[in-house]
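In listed order, ligands and their atoms are each counted from 1. Fair warning: this is a prediction, and the values are worked out from it, not measured in the lab.
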Amino acid sequence: MTDVLKRRFREQIMVMFGREPRKPVGPAQISAAAKTAHELKRMTNKNDLQAAKAHLRAHQETSNTWRNRRWITLILANLLFVVSFQFDIQILEGALTASRLIGFHSVDLNSGLQVILAHKHIIVNLVIGMTTMLVFWLLFGGRAFCSWLCPYHLLAEWAEKIHLYLVRKKLVTDQPMDRRLRSVFWLIFALLALLTGYTVFEAISPTGILSRALIYGPGLALLWVLALLVFEVFFSRRAWCRYACPIGLTYGVVGIFSPLRIKYKLDGCFHEGDCRKVCLVPHVLDTVIKGRAVATEVPIGPDCTRCGLCVDACPTGSLSFDIKGLSKLL
Ligand code: SF4
Ligand code: SF4
């Protein structure tokens, strides 16, 4: 990795914790090749560029390839919990927070941390389960937990569609919040576990509530999930995942070390921004804004959920799944 990309990566980690992305300035922050590409794009006749964009859009077929793969995986994985419990087939026992996959312990990393903080001692099976999950999500992309497994993600995606429809009709306006809130909430929930001896977050986590409701049957806690969805539909787009959920941040940290990521290629990009419009975490895509890319190929930051919506949305194929050290995946 070049010095420019290393600096950029450190910056992306800070952005994940809530800092706003900054425009690169000076030769230490932008490679010579990227600078040349930006200059060439600036020299391109604006009308030619608009015409090319319009042509591309007109001939672009809407692709939902990654979204469909993800939805199927998410639904099947959550159904496996249900089927295992209902028919006692012991493939996947438990719920998302803690389970056994064909006998192997697996514990959600955030839940495991909360339990350790609350009980103030290390439980061997818990650590084994957390290590299994750590290795798994290291390989499969950190926050991919969110978009490929979390049941709340799916409901929130559908709520987001309603929210965007209402915004288009000018019936509601999106109220963005300060992204640093999520880091603050992470600390608050960790402190609450430490000070009270209870895993307070588990009681209000829509991820855990939905997973348990699917497996063991609905309860009153679903009203809280409903309230979150209503808030997101009428007030703030994807508010829980963007500004509150500590699980997302925990897996984001895992994503720092994951070889699976989205890669951006500057050369073919038209900077029309379709990818940013569909992204749950558009701050990770600041690199696609005209003049921002620090190199001709830039890995997208660890807060990315590897959902693939931007890959589906990009009309020029400038975003793709990638494994660090290997070439483009698909
Ligand atoms: S941020 Fe939290 S609620 Fe949102 S998808 Fe990730 S784990 Fe689920
Ligand atoms: S950058 Fe792309 S893959 Fe990552 S969260 Fe945004 S839309 Fe999904």
* Hydrophobic cluster membership, L249 vs I247, 4.5 Å side-chain cutoff -> yes
* Mark up the atoms of ligand 2 that fall under 4.0 Å of a heavy atom belonging to V281, in ascending order. => 5 (S)
* pair F81-S99: side-chain heavy atoms closer than 4.5 Å -> yes
* In ligand 1, which numbered atoms sit nearer than 4.0 Å to a non-hydrogen atom of R143? -> 1 (S), 6 (Fe)
* To do: For the residue pair H121 and H119, categorise the inter-ring angle as parallel (less than 30°), tilted (30 to 60°) or perpendicular (more than 60°).
  => perpendicular
* **Geometric class of the F201/W240 ring pair [parallel <30°, tilted 30-60°, perpendicular >60°]** => parallel
Within a 6.0 Å radius of atom [atom1] on [X], are there more than 12 heavy atoms belonging to other residues, nucleotides or ligands?
X: Y165; atom1: OH; result: no
X: L171; atom1: CG; result: yes
X: K120; atom1: NZ; result: yes
X: Y216; atom1: OH; result: yes

* Structure fact -> Listing protein N, O or S under 2.8 Å around atom 2 (Fe) of ligand 2 gives C310 SG
* To do: Could you name all protein N, O or S atoms found under 2.8 Å from atom 2 (Fe) of ligand 1?
  => C245 SG
* Between W137 and S258, does any side-chain donor sit less than 3.5 Å from a side-chain acceptor? -> no
* Structure fact -> Only one of K41, R292, R276 passes side-chain hydrogen bond (donor to acceptor under 3.5 Å, both in side chains) with H271, and that residue is K41
